[in-house]
Amino acid sequence: MRFSDQRKLLISELASYGIKDSEVIEAFSAVPRENFVPPEYRDFAYRNQPLPIGLNQTISQPLMIAIMLEHLQLNNNDKVLEIGTGSGYQTALIATIVSEVCTIERLEPLSLKARATLKQLGFNNIYYRIGDGSQGWQNAFPPYMEFSKIIVSAAADKVPEKLVAQLSDPGILVIPVGGHFMQNLVKVEKRDGQTVSTTHGGCTFVPLVTTGQ
Ligand code: SAH
């Protein structure tokens, strides 16, 4: 089956799990996931599962990405910070919806590969940094201090304070929080000077590797 037909099937699968946000569904229709997986996994690109991308990391499960993006309530005016660029697939989905994405990856080879893929697909609203994303967007271009939406694609033992500090008011942060094998999806919302956290079901991500500062 052609990739474009497989993509349509994946989108119906996401809809069957309750994904409704039309911006999110359009982004999944626009971004070719097969470009973000290693050649040996291309035939599996539209299975609703994570796949290896090298260096013990994975491209996230499409449904999990869709759930997180729905929680972010993305719109065209958002400036998004993403921690864990990985393959760049989720970066592409976000960059399809919003005006700018700043993305941080700690493993240089993955960041460089993602950049090449995203450039080849014509994205020009993404900024990249290599380093520990739990420290936030620091010493990076553009010199943004705040983001309206923040998404972390790796599992943390707690919500990094520096990320909450870089969330604008109003703003939404989503992050998997918990132990090594199982986490809960946590949503942190800032509004009218208040910060409120809520928990939204189980998930499994590779660990967020921090420098412990
Ligand atoms: N959304 C990505 C997910 C990649 S897996 C995709 O679908 O391809 C999570 C990524 O987070 C890995 O590439 C891992 O190297 C990266 N990562 C782990 N800890 C990090 C940290 N502290 N800062 C930045 N990236 C980190």
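Order of listing sets the numbers, starting from 1, for every ligand and every atom in it. Small disclaimer: the values here were computed from a predicted structure and weren't measured.
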Who pairs with Y127 by ring pair (Phe, Tyr, Trp, His ring centres under 6.0 Å), at least two apart in sequence or on another chain?
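Scan of Y127 (ring pair (Phe, Tyr, Trp, His ring centres under 6.0 Å), adjacent residues dropped) gives F141.
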Please indicate whether E161 has more than 12 foreign heavy atoms, meaning atoms of other residues, nucleotides or ligands, lying under 6.0 Å from its CD.
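No, not enclosed.
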May I have the N/O to N/O pairs between ligand 1 and the protein that fall below 3.5 Å, each with atom names and distance to one decimal?
{"residue": "ligand 1", "atom": "7 (O)", "partner": "S60", "partner atom": "N", "Å": "2.9"}
{"residue": "ligand 1", "atom": "7 (O)", "partner": "S60", "partner atom": "OG", "Å": "3.4"}
{"residue": "ligand 1", "atom": "8 (O)", "partner": "S87", "partner atom": "N", "Å": "2.9"}
{"residue": "ligand 1", "atom": "8 (O)", "partner": "S87", "partner atom": "OG", "Å": "2.7"}
{"residue": "ligand 1", "atom": "13 (O)", "partner": "E105", "partner atom": "OE1", "Å": "2.7"}
{"residue": "ligand 1", "atom": "13 (O)", "partner": "E105", "partner atom": "OE2", "Å": "3.3"}
{"residue": "ligand 1", "atom": "15 (O)", "partner": "E105", "partner atom": "OE2", "Å": "2.6"}
{"residue": "ligand 1", "atom": "19 (N)", "partner": "V209", "partner atom": "N", "Å": "2.9"}
{"residue": "ligand 1", "atom": "22 (N)", "partner": "D132", "partner atom": "OD1", "Å": "2.8"}
{"residue": "ligand 1", "atom": "22 (N)", "partner": "V209", "partner atom": "O", "Å": "2.7"}
{"residue": "ligand 1", "atom": "23 (N)", "partner": "G131", "partner atom": "O", "Å": "3.4"}
{"residue": "ligand 1", "atom": "23 (N)", "partner": "G133", "partner atom": "N", "Å": "2.8"}
{"residue": "ligand 1", "atom": "25 (N)", "partner": "R106", "partner atom": "N", "Å": "3.3"}

Give the table of side-chain donor-acceptor pairs shorter than 3.5 Å for residues 143-156, with sequence neighbours excluded, one pair per line with atom names and distance.
{"residue": "Y144", "atom": "OH", "partner": "E100", "partner atom": "OE1", "Å": "2.4"}
{"residue": "Y144", "atom": "OH", "partner": "E100", "partner atom": "OE2", "Å": "3.3"}
{"residue": "S148", "atom": "OG", "partner": "D78", "partner atom": "OD1", "Å": "2.7"}
{"residue": "S148", "atom": "OG", "partner": "K79", "partner atom": "N", "Å": "3.2"}
{"residue": "S148", "atom": "OG", "partner": "K79", "partner atom": "O", "Å": "3.4"}
{"residue": "K149", "atom": "NZ", "partner": "L72", "partner atom": "O", "Å": "2.9"}
{"residue": "K149", "atom": "NZ", "partner": "Q73", "partner atom": "O", "Å": "2.8"}
{"residue": "K149", "atom": "NZ", "partner": "D78", "partner atom": "OD1", "Å": "3.3"}
{"residue": "K149", "atom": "NZ", "partner": "D78", "partner atom": "OD2", "Å": "2.8"}
{"residue": "S153", "atom": "OG", "partner": "Q90", "partner atom": "NE2", "Å": "2.9"}

Report yes or no: do D132 and T210 form a side-chain donor-acceptor pair below 3.5 Å?
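D132 vs T210: no donor-acceptor pair found between side chains.
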Does anything in residues 73-120 form a ring pair (Phe, Tyr, Trp, His ring centres under 6.0 Å)? List the pairs, not counting sequence neighbours.
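Every ring pair (Phe, Tyr, Trp, His ring centres under 6.0 Å) pair that includes a residue of residues 73-120, provided the two are not neighbours, is F36-Y89.
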Checking side chain to side chain contact (heavy atoms under 4.5 Å, CB included) for the pair T96/V31: CA distance, chi angles, key distance, verdict?
CA-CA 8 Å; T96 301; V31 178; 3.6 Å; yes
